[in-house]
Structures are given as structure tokens and as C-alpha cells.
Amino acid sequence: MNGGRPDAEKEKPLPGNGSGRVITIQPVTRIEGHARIAIHLDEDGNVSDTRVHVMSMRGFEKFIEGRAAEEVPRIVSRICGICPWQHHVASNKAVDGCFGATVPQAGLKLRELMQTMAHINDKILHFFFLAAPDFVLGSNVDYSVRNIMGIVQHSPELAGKVVQMRHRGQMMIEKFSGKVIHPVAVVPGGFSRSMSEAERVEMLDGSREQLEFARYAMKLAKDRIFSKYDSDTLSLGEIRTGFLGMVGIDDGALALHDGVLRLMQADGSFHEFSGREYTDFIGEHVESWSYGKFPYAHAWGEGFSMDPDSPRGIYRCNCLARLNVADRINTPLAQAELEEFRSRFGRPVQSTMLYHWARLIELLYACERVVQLLEDTSITDPRVRDEVWPRAGRGVGCVEAPRGTLLHDYSTDENGCITRANIIVGTTHNLAPINMSVKQAARSLIRNGHVEESLLNRVEMAVRAYDP
Amino acid sequence: MRLTVAAEWLNSCAGCEMSLLNMGEDFIACLRILSFVHMPMLIDHKYFEPMGEKIGFEFPEADLGIISGGIRNEEHLAIAEEMRRKCRVIVAIGTCATHGGIPALINMFSNDELFRRYYRTTVATDAADTPAVVVPPLLDRTYALDEKIRVDVHLPGCPPHPDHISAVLTALMNGEQPRLPTKSVCDTCPARREGKGAVQKMRRYTRNPRHQADKPLTEMKCLLENGLLCMGPVTRAGCAGEKGEAPQCIRARVPCRGCYGPVQKNGNQLLDMLNALASNGIDIRNLPDRQAFLRFSGAHGRLNRPGWKTRDRQQEETAGPESR
Amino acid sequence: MTFEPKILAFTCNWCAYAAADLAGTARMQYPTNIRVVRVMCSGMVHPNLVMEAFQHGADGVLVMGCHPGECHYQDGNVKARARMIVVDQMIESLGLAPERFRLFWCSSAEADRFVSAVSEMTDRVRRLGPSPYHQGVGLSGETKEDLECASR
Amino acid sequence: MNIELMTLTEVERVEGELGQFTVDLRQYPRFVDMDRCIACGECAERCPVEVRDEFNEKLNIRKAIYVKYPQAVPLKYQIDPVHCLEITKGACGECERVCPAGAVRFNDSEKLVSIEVGSIILAPGYRTFNPKGISTWGYGIFPNVITAMELERLLAASGPTAGQLIRPSDGKPIRKIAFLQCVGSRDYNKSSHGYCSSVCCMYAIKEAMIAMDHVHDLNASIFHMDVRTHGKDFERFYDRAVQRGIKFHRCRVHSLEPAGDSGDLFFRYITDDGKQVKDEFDLVVLSVGIETPPELSKLARCAGIEMNADGFAATSSFSPVNTVRPGVYVCGTFSGPKDIPLAVVEASAAASVAAARLSDVRYSLSRQKLFPPERDVSGEKLRIGVFICHCGSNIADVIDVEEVCAYAATLPHVAYVETSLFACSQDSQDLMRQRIQEKGLNRVVVAACTPRSHEALYRETLKASGLNECLFEMANIRNHGAWVHSNEPRAATAKAKDMVRMAVAKVGLLEPLSPVSVRINPQALVVGGGLTGMVAALGLADQGFPVYLVEKASQLGGNARHLVRTWKNEDIPSYVESLVARVKEHDLITVHLKATISSAEGFVGSFRSSIQKSTGTMTVDHGVVVFATGGHALKPDEYGYGLSQNILTALEFDKLHALRDDRVRNGRSFVFIQCVGSRIPGRTYCSRVCCTHSIQSAIMLKEEDPSRDVYILYRDIRTYGQREELYKKARESGVVFIHYDLHQKPNVMLNEDRLGVVVWDHVLHEPFKIPADVVVLATAVVPHQEVRELARYYKLPVDSDGFLQEAHTKLRPVDFSTDGVFLAGVAHYPKPIEECIAQAQAAVSRAVTVLSQRWIGLDSVKARVDHTRCDGCALCVDVCPYQAIGIEVMEGDRRKQQIAVNAAKCKGCGTCQATCPKEGINVAGFTYRQLSAQIEAALRG
């Protein structure tokens, strides 16, 4: 490369680690985002340290300062093109808080409907497009076929079905809400449009089809993947941490759209708090080698450490965390699966690779929940938005995104423009655990200087499980 | 012969890649014709093959280089330059790549301001120095791709409509110049328009325009004529796709914010919109933060930090041409 | 070498252009720095044309129309005035001194006003010095690019 | 096309009567076939005979075969049979041999021609007074005494010295120059012309100003009796001359003497403060007056018209272009000394009156101009022709035309470049046409003067050469170049190059456009029911066009109702009454009294105006509108007006006089104060009528009782033209004229039992107090305030004095730049009745050019929608000031919308273009791209 930039970028060996051998995995693939894994080996070729670097930052928290708050939900969706709905909804909830808005019931239902439908598509994407190649094709096949194209070659029928289901799910959202990627339909005070009866009926049909697919996917995964999980798989990237997730206020059940946050320690004890109180429980740590920050549970009073052997303040979120913190799931099929899952792995479950399983249980839940919401005819109430009045205030919007608990925290001035913002996205919560899992995986996989591509892919699989 | 494709995302969000997947069955069809040699989201090709120990990026040659995202740090720049060298045709996909996109809003701030807020003055953050180890340094601002490398095909959109991604890929496979929409969003908007003369002033989007869910959009009055800022007239069409019923935001009864960038490649959405409103005698004082009319097209020096304004003055003061 | 500013004037056919003709007939003298683009009305001048002028290195730009109330087309000049607020804003965001741009009214009979406007603008711009976008005057490639894109 | 030019022709006999004249003409031989001559000049080049050039006042040489001057129409050579060797001696024939066109005809002979016509207009013009032989001025004796006409030629770029200000006698640069006014005017002794020639003051000032352009430190003095700058905007020009340092001396020079052998001249004169001064000059210019050449008396005789004592055609104030013989009309200086605007007005008036009687047979003999079929240039590569004009030396003196020419040839797509001495001359036009055809040019740039005056001419040339007229652009290197940068030839040349580059950049983007035409509603609206309005209404109605006449007062007649006699002593009230009666009786005139216009819309051919009356508002549709809104006398706020019953305005005085009021009847001493409210800062103009009016009144007072004391306090007496006779008569009858200056205005003393007026006595050099029984204030004529609003409805310009601004002061004195709207009377400028009538008739003439057509072609400068860009966003719909833009819904399922422009309503202002964010709508000839190309070209150099 010209200008020597890449050389400068190549990581230098950590001081005091003799051999100076550093293995760089970049980009970390089949994830969303820009990360680099650096595995530092000691003189014997054993892992001395690992780091997962977040390589870029865009600065949303900064550049939404000064923007009119009602415009912000349409801006922050661009934080993530895979889960824009989650940001869109969380941001609107935060702006509602700033402006003191109340949202009509139908508006709330439409918001939850859209957000949950987005969860479905996201899970299909992650499981089948990003993670499945490792399992369906095998983590050790050549990297050039270990991908969705490989799946298309290997199982064209499955691939066709998956692509079609996801596409249909996306189009359902788009048809009703206009825009599926970087949505605009959720607005401060509610939703931008109401649902007609005809639309409800049509969407209900579509969502029942999705539910069928979710059941098929669950069966398929159990038959072909989870049944083959061996102890190596279960221990890949396994670490012991706490968990964060949202549950229903009254019933402690799995909740994606609204509820209270439950911060569980590894021993199963937990704090419950509203999103607005997050700063009392969560702090964000900064490391010099990553643009990403590392949230941790400062409420536990133990500080921050990513040492896999004695982690401090580390918790995880995303689907496995949500299942761990939830007491139950309010839909029958998912509840049945949860019961089976718990009976096999206990609570809380620490095995990183079980994120995949938990994800499919959540897929089932999401499909069931969408059917529930659409069966309720009150969702077609034309009153979907109340007028909002820009003013000074603070609001914290919180939802469960596919990748974990999502927090948008805004303050506004009298003109209703943003003065300060903090956003903690799902993957950010998991940055410390990911680092730990990578270290754990690398240590167990790389011994005496022996490295192969498939091993490195397995290290990446530990990252991929978190669906960052 | 199968066309080889290398794809990268730079200062982006993966939305463009999602849109690619949203081509649905066309996507599968494409996979049969295109041979992806690099695409971090879907395939495992790395920069430092095979064992992550080589020095320097290794990019495969490809017929087609598809890049989403603008350029924000030195690594983005290096990747973009390397792709330019290795790819016959570079397609800038998405408004971030063509005009800077939403992330170019940061151009209204300096990196110092950004870091200060991000690492030192955000609630809940344990204040610390700005990360500087290994992570690539940021450039002074966000750049659109064509500010740094030559771009052959511009496909704006946030995200670009799958129909047009498909159109571009198909055209390039057939060795043709892609044909993309050239008019504004209004071209695809069925809302009834009569003229803006009745609008006295713009109001903020704090309540919905009147509509009935079961009535077709053809019966809806133009949102701009409803007194809502709609960037449709100054924004490139495309979001409605090839056959879509209406622009996407309009389908949600939400006014356009300009995500396809200016109608003409080098247009200025802020200037054009302010001009159109002023020409119609519309009072825009109600709208705060008018700079954000450029929220999708702030690269190319359009959005700037407030501090750089007085270059002319500085020049006057220092009595000589500035050589910054 | 002394700095010879480049000034571009958009002149309405019915007033300022005619006044300029009249200034000729009356053999009035004024600086040679001005280049005139004849338009049918000041209301015909798209703000972006002004930006283009600056982009191409104009040190000053004049838009000259009829006195308010005397527009040949009712109120094109009033619309021009409304628009020029946009120009002011854009000029500011380009980092140019606002004095480099001026909207000026002048009737077809007021050759003297035309002459004094041109002379005054020339003096003013001469004092300000070259525009940062004036060709070859201490301008880095980057800034020029900025400007080119900031206008169209 | 419908004008047959018969040059070198004289009228021999006029037989018959109105509608069927037979005119015998004598046509002298030209010896050159006009159809063949291409005015290439080869013949004159070779002609061995040199003759003094009459056109250039014999200051230089022409040949025996020649054209009179470069802009001559028709531009064809002629042979001077008196000097031609071949004709006189049969010993040359050189021209015949070299003529490439074979146009020389030595055997040409005198012909007698007889033509049949319905009306006859006589416009034979004048000659200047010849001062030769009158010793006072030494003209013909001292070589450096010249006439103003000679100076005019010296100053002319195409003149004998190519515009250099040097003495023709010895080439000495001229640094000091004197103009002597009233040479052959206002002078019974030396010239037997008592009248004022009306134009000499103004031309002297103009020549002095131009001379100063040539020589910046020129010392110029004008010796005059009165400065008569009574025309529209003339006073302002006079003020500017004073500011510029031109010296004005109020005195008559009685003799000139040579200053030794230097060729310089000196004379003595009295300064304003009474001192005698002797001064020397490089050049003395005689401001010669105008007179009717004696041979015109023959014309008058055979035409059967009367001439007056001054040698001008006799006309009445009420029918200023009619003669005693019906069907024979006069205009211009043949009927009295006058300036260009008035001459042009009279020309139109004569046309109108002549046509009125022939309106039944309109178009029966007319022919239409045919253009060759238009060449389709759509597939052609750009081939731009650039034609650069020297404009004599107007341009070429300052700008290096050859350099511009060479530069133009380097510009992209320029296929051909050529220069010409006068691009607008007939031969240049013909050549241009030829070049366009032979070089296959498809775009044309002319670098010359202003498109505002000359674009139409060149467009015709394009059409004549088979090119669409829109493929043309001008670079105004004269008005915006040579003339305004005359001291900076290098910079002016550089600027001219830029201008040519801009024009070339634009012309390459121009596209052929087809003309737009609209239907003409053959009705007229006349606003103002005064004398002017009535004459206009009758003129239109007499030609068969229905007229709506709108008057805000309760009766017709306007100011004329307050006037008694014209300066020719004609009775005004009876004339007004007859007009009112004719208007009321006319079938085609609808009169609306106590009515005003409250709004208007539309354009030439189809206006719609709202007439507001106490009973309500009605709308009328009409094809043209004539403004005859008049003016009124100023109510002064000085000279004690309003404080004494005996201080009156001129009109009040007239009324009291008519009523035989005691104040007037018993008054012994009358003081007239002139220029009350005129020629002052803030109201610069001269009201034109007041001098004559006051003098008429003064004479009347004296005639009634010669023992009365009558004083006229004046700044300049402006009894222009034959009115001078009145001035003379007043002086003879003992009226005392006392001059005052603006800075020493008279004082009216109110505090004593009898009024008194104190004025500075220039003879005694002390204040002089005049006891006065009546003080008459000659107040200014001022325009109506409400005209401004009216002007807004029809988009008409109003000048800084509040008068309506015509399209061109000299050449289009009754038109506006807006088509289909015309003006006449005091709304234009203060003027006496005969001029109002002439202007009303002129307005009729101009209006009829529109009304007499069923369709009229409109300017192609219209907004056009670019359907490849417009997407119907509708931003432009409501910005259009003419509601010319609508939305159309296209066929198809997506409900596409697009803009549609109503071309008849569109005026091409481009507000839409400047609003559109995507170049979806553009004004033809001024599209965004075209302007953008000009900008880039302007700044690229």
C-alpha cells in the first residue's frame, strides 16, 4: 500500500511479549460492523492476549446535537442498517420523553408490531445468512465457500426458502410502513399512519406464514445443528458473566418493546430498573485501543475487568441474556421451547454458542407476538398519533434490539432541539464479553504456535454468536 | 463469464447491503451470475490472508467494486484507494458513498468536539483519553467517495432501492451504462399538487397530515402544500423503485427528508429548497436547524463547521492570501 | 501587479442593462472590471447562478433589478430580494465576505446609479482583496473543490 | 417591403383630390442600377475624380461615384453627373469596368413617372442656415470659424478626422472652443429669421459634451441669449453640462477677430456680473439655425399647400399635420423647427391622419415579406459566425477590433470571423447573409452595440439567410465597452474579448424556436378624457376600432377646459366643445365618466381591464391601451401664494381675466414670475409651456391697456420655434423682461398695502423693487400621482419626475417597452396643445399597427418546460406573476404530474426558472445552462 498506512495500522506486538507474533483477523466477517481481532502470541506460540478492536466511529451522539428532536428518529436509524427499526423506535420513545408526549394505544401497538416484525427478519438473516454457513457447511470448509453462496450451492431449496421468507417479511413491513430499511413511520407521539382493516387481514395471513416458517426453522436447527453441538462447541468462547435484558413490568416475561430492565448477576440475582435509571447501574469504560466503549455494571461496585478468569462488572445482553433474565414467555410455542431449553441448560445459561438456540426461540416468540398483535382488531384504531409540542426535557428510550438492550438518552432545549445525547446500542454492551470470548476461544484453539484458517474462523464464531 | 465483484462498506451502516439482500429472488439469481471475491458481511475474505500475518492489504482483482459508505478515517481511504486500483468499475452505492449521507452531519463539528463529547463528557462514560492505539485516525471530516477516488457509477439512496441495485448490476453485467432516475421524488409522488402559494409558513412535523388509511395516496394533498417541509422537490427520485406506488416516506404519509441526495449530482438541497420556499414567499422561521436540509448531502464541503466562516475576513486581517 | 477584481453583474434587461446602455450613450466612464450577464428580470437569477459566479472566481457579484414596484414583470425584483437571503446564507457558509455580493436597484434612466454601483463595488472588492476562490490566488485544491460542490 | 423608395426624385405636379391623387414625379438618373449594386466600393476606389464631400460639410473628399454616408438607405452608389468624366467628357468609364456587379449605367436618363396615391405626406425637412458673408461671424473668412454641422462631422467617428478633435484648417488640437448661439435664428437683422430654431441650444450642449469626451480638459463656452432646453430630460442634460464645467455666457457676441497669425480667434463679451472680457479660442462654432430651402416653395406650390411668413408649411394647432389641401399632410421641420422626438411624433401623426381616410382600403395593396424556408440545423455541428463592428470609430477608436477578431477565431466552434465598419448597414447585412449561407454558419454573434436597439435587425438578417432568428447573440462592446472605457483601450479590448467569449458560449447553447402568436382583440382602451384622450379616441374610432374612453372627472376636456387661446390665437373652448360632441356622438366610442382603472391583466392583443365607477366595477377586453392621463398645474408653496388674493397661478389669472375680475381689470402693475416649481432641485424639468403662456397674457394686458406695467421675471425665455414672434411682440409692446438666477429668486413682499416683488437688477447690479397689483406665478406642470399605480397595472415605467417613460426618447416617443400600450400628451411631458394632438394622433397610428392585424407575433422569450427534467413538483406554479403555469396530470397509473405553460400569458420573466431546483423550466434564450455558460465564460479569462 502506498503511504504506509496499513503498516502503521498493523498492530505492534504488545510490550514484553517476546516473539512479537500477532495474528490479525480483519475484517471480522459475517457480522455487522468494522472490527479487527488481534491475537498476540508469546514466545511459545501460545496466546498471551487478544483484542477485538472497533475500528470506526461516526459520532451520532455528537452530530444529533442541535437537530430538532422530532427529526432525530429518522437520523439515528442510520446507526445500523440491519436493525434500523430498533433505533427508530427507541429514539422516538426518547423524544416522546423529552416532549412529554403520550402515545395513543393504536400507535403503541403499531410501533411494537413493526419492531417485532423487524426482529423476525433480523433473526432469519443472522441465523441463516451469517451464522449458518459455519454449521451447515462446517467451520472448517474453505472460506471461499463458507458463506451464503455456499449454502445456495449446497442446499438450494433451503436457501431459496430462507431468502424468500426474509424478503416477504421485509416487504410486509415496507408495504405498510413505506420504508423497511431506515424506517420513518414511527413518529414522536405515535405512528405516522393508521392501519386499515384490509391491511390487518392481509398482514395477519403473512405473519401466520412466518410463524410456520419459524417452527420449521426451529425443527431444522434442532435436527441438523443443535443436536450436533458437542462439548467443544458448547465451550467455544464460554465465559461467566451477568446478563441484561428487558422483561414485562408486571409479569417478568420476555419483552422486546417495553418493560423494565433486569440486570442479573451470574448467580441469578438481579436488579430491576427503568430505562431512565440506567446510569445508576451502568457505566461505560474506555480503552485506548478501540473506538467502541465498554459498558459494565458499575452498580455491582466491582469495577471493570475483561479477564476471562476473573471478570469484573461484565454482563451480556442479546437473546441469550433476555431468555436468562425472563421468567417466562407469554406465547405458547416459545414458552414450550424455553422450558425445554432451561431443562437442558439451566438458568442462567453461560455457553456462548447457545445464543444461536436462544435466537430461534425468540424468533418463534416474535412470530407468535406479531400474530397476537394483528389478531387484535383495535390495532386499526385511526387515532395513532397525538400532536407533540417541542420543549425542553429529557427522555430515555429503551427497547430490546436483536443485538441487545438499546438505550437512547436525549435532552432538549426549549426549542425542542437536542442538547445532549447518549446512545448505548446492543452490541456495545457485548463488546467486553466478546473480547473475553475471543480470548477464551483463542487460548483454547491456538497452542504452540499452531494456527490454521479454520481455527481462526472458530475464533470468529465466538464473536458471531453475539451477532454484533 | 462470471463477473467478479468485490464489495466493501466504509463509513456506513449495512443498510445498503440489506437492500441488496432485499432484492429477494433476484439476489439469488445474481449470486448465480456474479462471483463475489470480497464482501465482509457475507464472505470470509480477509485483508491479511491467509493467516493474518502479512503486511499490507490484499485485495483481489475484480470487475466490479461496490463501495458503500463515505470516507471518514485513514483505513477507509486506504481501502477505497486499493479497490480503485483493483477494480475495473467502481460503483458508489448509497448516499453515504455518493454525498456523505447522514454521517456527514459530523462535518458540522470538529474531531476534537466529537471526542470531547464522546469519551469525556457523556453521561455514564468514565472519562478517558481518545483511543489512539491501532484504531485508524479519523480524517478531518467525512468525504464522499468521489472526493477521494474516481467513481464510475453513482447509485444514491439511503438505502438505494433494490430495483436500482438490480438495474445497475444487470446493466454492468451486460456492459451497459446503468439508467437510473434523473428527476425528483415528486416524479414518483402521486399526491395532488396545485401550487405552493397558499402556504404561508412551514410548520414542524409534530402532527400527522390528514389522511384516511383506506384512501389512496392520489387523494392526499402534497405534503409541502400541507405546510410540511418535504424535500421531495429537491431530492433525486428512486425510493419508489421501478414500479412502486409512491415514494417510500410518502407511503408512510411522512414528508421526504432527501435521502437520495440532490436531484442533480452536484445540486445543493439546502440552497434549492430555501430558494424554492423563498420564491414562494413561504415563511420558514418556524423550522429550526435549516442546515439539516443537507443532512444527506453534507460531504463535498457543503456542511461546514460554523467556525470556518470568516476565511475572507481572516484574509483581510492577515493581509495576505491564506494558505491553509 | 495590482489586483484587478472580477465582478459579475446580472442586469435586468429593462432597467440596469438599459441604464448601462445609457451610460454608454452619455459616455460616462466606469471601471472595466465588470462583466454583464443580461437577464430579462432580476427574478430570473437562480441563487445558484450567483454561487456559480463565485465558484468560477468572481470577486464580487451584483444582481441589478428595477426599483421595487417598478418591475417589468410585477414583482420579479421582490422575489429576487427574497431569494437573495438564500444567497447571503450560502455565501456565509462558503466563508466569503457578505460584501462581495450586492443586490441593487436601478431604473433604465439611472445611468449614473449604474455607474456608481459598478464603481463602488469595484472599490469595495478591491479593498477586500481577491476572493479565496479567485483563480490562482492562494487557494488550495481542497477549498476549491469545497466551493465547487457547495454550489453546484 | 411595402415602402417603395424613389430616390433622386422630385414632385412635379399633384392632381386630383383626397383618395385619388395623381402625382407626377421627376426622377433624376443615378447611373447605377440599384438592384445590382452591392455597395462594395470598388468603383469609388478606382474613380479618378475627387469632389468635396457635401455630407462632411466639404471637409473631405469623395469621388464622383459615391454613397452619401455609410448608413445611407438604400446603401447604393450613385454618380455625380456634374463631375463624372465619362458623363461630362466621355473619357473614363473606370467604374463600369471594375464593377463586379455590372451595375453602372452611363446611359441612365431622367424619367417622368406618374403615380396614383390616396394621401400625400410632405416631409422634405430643412437646411441649416448658411452664415457665409455675414461679417459679424467671419464665417468663410476665418478658417477656424465653423458651423455646428461641421463640428458634428469632426466629432463623428466616420467623419473627416475620424473623430479626432483637430482644426481642419491646420490640424491644431482644439483645447478651447466657443459656441455662438442663435446664428440664423431669433435674428431679423442678419438672417431675417425671427423664429427660434428650437434645437440649437441642445445640440450645442451635446456637441460640447462629446467634444469633452474627446478632449477631457477641453475649455468649452456657450454664448447664448437663453438656454432653451425645454424637452424631456433636456434640462437634466444641461445641468450635467454645467457640472462638467461647460461655461454658459448670457450674451450675444457682436464681432470676431483673428488673434494674430495663429489662426485662433478672439472676441469681447460681457460677463454675467457686467464686466467686459476679451477671450481667445482655438475654434468658434456657429450654432446655425434651420430654415426651409427656397426650392421647397415650388413643392408647396405644386402640392397646393400654404406656407407661412417664416417659410414653413402652415398648419393649425388643432390639426398639426394637416394642410389646407385635404389629403396632403406635413410633418417634421417642414412645418416649423422641431427636434427629433416631435418630428417622429408628427411623422406617426401624419401617417395616422393619412391612413384614417384610407382605412376602408387597408391592405388592398400591401405585400408581405417572404423569408426563405428555415434551415434545419438540429443535426449540424456548431458553426458559429462572429461579426465584429467598428461602428465607424465608435468602437474601433478604443477597442482593438483586429485583436478581438483574432481572438474570436480561436474560440471553440467559431467557424468564421469578420469585421465591418458598420455591421448594421445594409451592405454589411447583405454580406452577413451571404456569409451565413456560404460558410454554413448555424449560430451568429454580432459584437457591436446593444441588443435592445439592434437585435431585431440582425434577427431579420438571420431569417433572410434561412436561419432561425433565435440562433443569435450580441456582445455589446460599444455601449458597455468602447464608450464607457474610452481612456482604457487595453482593458476595454480585454473586456470586449470576454464579452465575445460570453456571447459565443451562450450562442452555442441557443436553440431554434418557433414564433408564438396571439389573437388581437380589435378594441382599444383610452385612459384619460382630456383633449389628448379625445383626439386619440376619435382617431381610433375613425379608423373603425371600438374605443372605451375612461375619464376620472365628470366631464370630458381635462385641462383644455381652462385654456383660452393657443399661441397662434386659435380659440380653444370651441375646439374642445366640438371634440366633446364628436366623441359623444361617435358610435364606436363608449365613454365612462367618473371612472378609473382598478386593475388590469393581459398582454398585447388581449388585455382585460377593470373600470371602477361609483356604480360598480366592469371589465372590458381590449387589444391596446392608450395613456392620455395628462397632468395638472402645480399649486405652489412659495412667493406668498395663498397669502394674498392677488397672487395667482397662471390658470387662475386666466379665469379671473375671463371673468373680468376687478383685480385684473383694475390692475396697473402685473408681475409674472416664471419657473415656479420648474427647473429647481427636485423638479429638474422645464414645463415648456409657461413662457409662451405668460407672454401671451402679458401681451393681452398690454393690448388692453398699454399704460399698464407688465413685468416678466424669467430665467430663460423659452418661446421655442415660431413662438419667438410672441416674445418679440411682447418686448415691442413694452413688457419688461427681467432675468433672475435660481440662487437669486425674486422676493414677493406681502407686508405692505401693495404687493411688491424684489428682483436683482443685472443692469444696475442692485435689488430692484417692483410694485405689483397682481403677481402671476407660472407654475410647473406636474404629472398625476395616481399614474404610478396605473402604470403598475400595465407594467409601465415611470421616470423620476413622475412622467410615463416611453420606450425610446427619440425613436419611439409614443410606445412603451410593453407591447400594445401607448402614451400621448402631458402624461409624457408638459407640452402645448398642438403637440398633444400630434402625439395623440401618433399614438393612434402606433395602436392601429396592432389593431389592424388579426394575429400578432410575440417574442419567443417564453418559459418552456423541459419534460425530461420537470416532474411537476409545482414549486413554480404560484411564483408566476401571470398565472401562466398550470399543472397537468399525465395519463397512466402513477398519476405523474407536469407543468404546462400558457405561452400567451407568459412574459418570459424567468421567475419560474429561478425557482426550479432541476432546470425543469427555462426561458428560451436565457436558460439556466445558457446563463451558466456565460458566467463561466465571463470568469474564465
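Here is how names work: the chains are called A, B, and so on, in the same order as the sequence lines, proteins then strands, and each is numbered from 1.
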Supply the atom-to-atom distance Asn48(C) CG to Ile935(D) CD1, rounded to the nearest 0.5 angstrom.
-> 9.0 Å
Search all heavy atoms of Cys909(D) against all heavy atoms of Tyr73(C) and return the closest pair with its distance.
-> CB-CG, 3.1 Å
Between Met40(C), Glu110(C), His72(C), Gln29(C), which shows the greatest number of heavy-atom pairs under 4.5 Å with chain D?
-> Gln29(C)
Among the listed options Ser42(C), Gly76(C), Cys66(C), Ala18(C), the residue most often paired with chain D at heavy-atom distances under 4.5 Å | Ala18(C)
In terms of heavy-atom pairs under 4.5 Å, which option from Gln913(D), Met212(D), Met502(D) contacts chain C the most?
-> Met502(D)
With a 4.5 angstrom heavy-atom cut-off, which part of Ala80(C) approaches chain D: side chain, backbone, both or neither?
-> neither
Okay, Tyr17(C) and chain D: the region with an atom under 4.5 Å from a heavy atom over there is both
Please round to the nearest 0.5 Å and tell me the distance separating atom CD1 of Ile34(C) and atom NE2 of His480(D).
-> 9.0 Å
Identify which of Gly910(D), Gly908(D), Cys449(D) forms the greatest number of heavy-atom pairs closer than 4.5 Å to chain C.
-> Gly910(D)
Verify, without hydrogens or angle tests, whether His485(D) (side chain) and Tyr30(C) (backbone) share a donor-acceptor contact under 3.5 angstrom.
-> yes
Can you find a heavy atom in the side chain of Asn13(C) that is under 4.5 Å from one in the side chain of Arg452(D)?
-> yes
Highest number of heavy-atom pairs under 4.5 Å with chain C among Ile210(D), Thr915(D), Val798(D), Val861(D) belongs to Thr915(D)
Spatial distance of atom CZ (Arg83(C)) from atom OG1 (Thr911(D)) [nearest 0.5 Å] | 6.0 Å
Of the backbone (N, CA, C, O) and the side chain (C-beta and beyond), which part of Asp233(D) lies under 4.5 Å from a heavy atom of chain C, both, or neither?
-> neither
Taking Lys495(D) for the side chain and Thr32(C) for the main chain, is one N or O donor matched with an acceptor at less than 3.5 Å?
-> no
Given the options Cys41(C), Gly43(C), Cys15(C), which has more heavy-atom pairs under 4.5 Å with chain D than any of the others?
-> Gly43(C)
So, the part of Asp799(D) with a heavy atom under 4.5 Å from chain C: the answer is neither
Between Arg38(C) and Glu473(D), does at least one N-O distance fall below 4.0 Å, as a salt bridge requires?
-> no
Checking heavy atoms, do the side chain of Val39(C), its backbone, both or neither come under 4.5 Å from chain D?
-> both
For atom CD1 of Ile340(D), decide whether the heavy atoms of other residues, nucleotides or ligands shown that lie under 6.0 angstrom number more than 12.
-> no
Over all atoms of both residues, closest heavy-atom pair of Arg35(C) and Asp498(D) | NE-OD2, 2.7 Å
Out of Ala492(D), Ser932(D), Ala491(D), Ser800(D), which one racks up the most heavy-atom pairs below 4.5 Å with chain C?
-> Ser932(D)
Which atoms of Arg478(D) come close to chain C, meaning under 4.5 Å heavy atom to heavy atom: side chain ones, backbone ones, both, or neither?
-> neither
Kindly compute the distance separating CD (Glu52(C)) from CD (Glu936(D)), expressed to the nearest 0.5 Å.
-> 8.0 Å
Between OG1 of Thr450(D) and CG of Asp21(C), what distance do you get to the nearest 0.5 Å?
-> 3.0 Å
Does the side chain of Arg27(C) come within less than 4.5 Å of Val484(D)'s, by heavy atoms?
-> no
Answer with side chain, backbone, both or neither: which region of Pro881(D) has an atom nearer than 4.5 Å to a non-hydrogen atom of chain C?
-> both
What heavy-atom pair brings Ala914(D) and Pro47(C) nearest, and what distance separates the two atoms?
-> O-CD, 4.0 Å
Below 4.5 Å from any heavy atom of chain D, which atoms of Leu8(C) appear? Answer side chain, backbone, both or neither.
-> side chain
CD of Gln805(D) to OG of Ser107(C), rounded to nearest 0.5 Å, is 7.5 Å
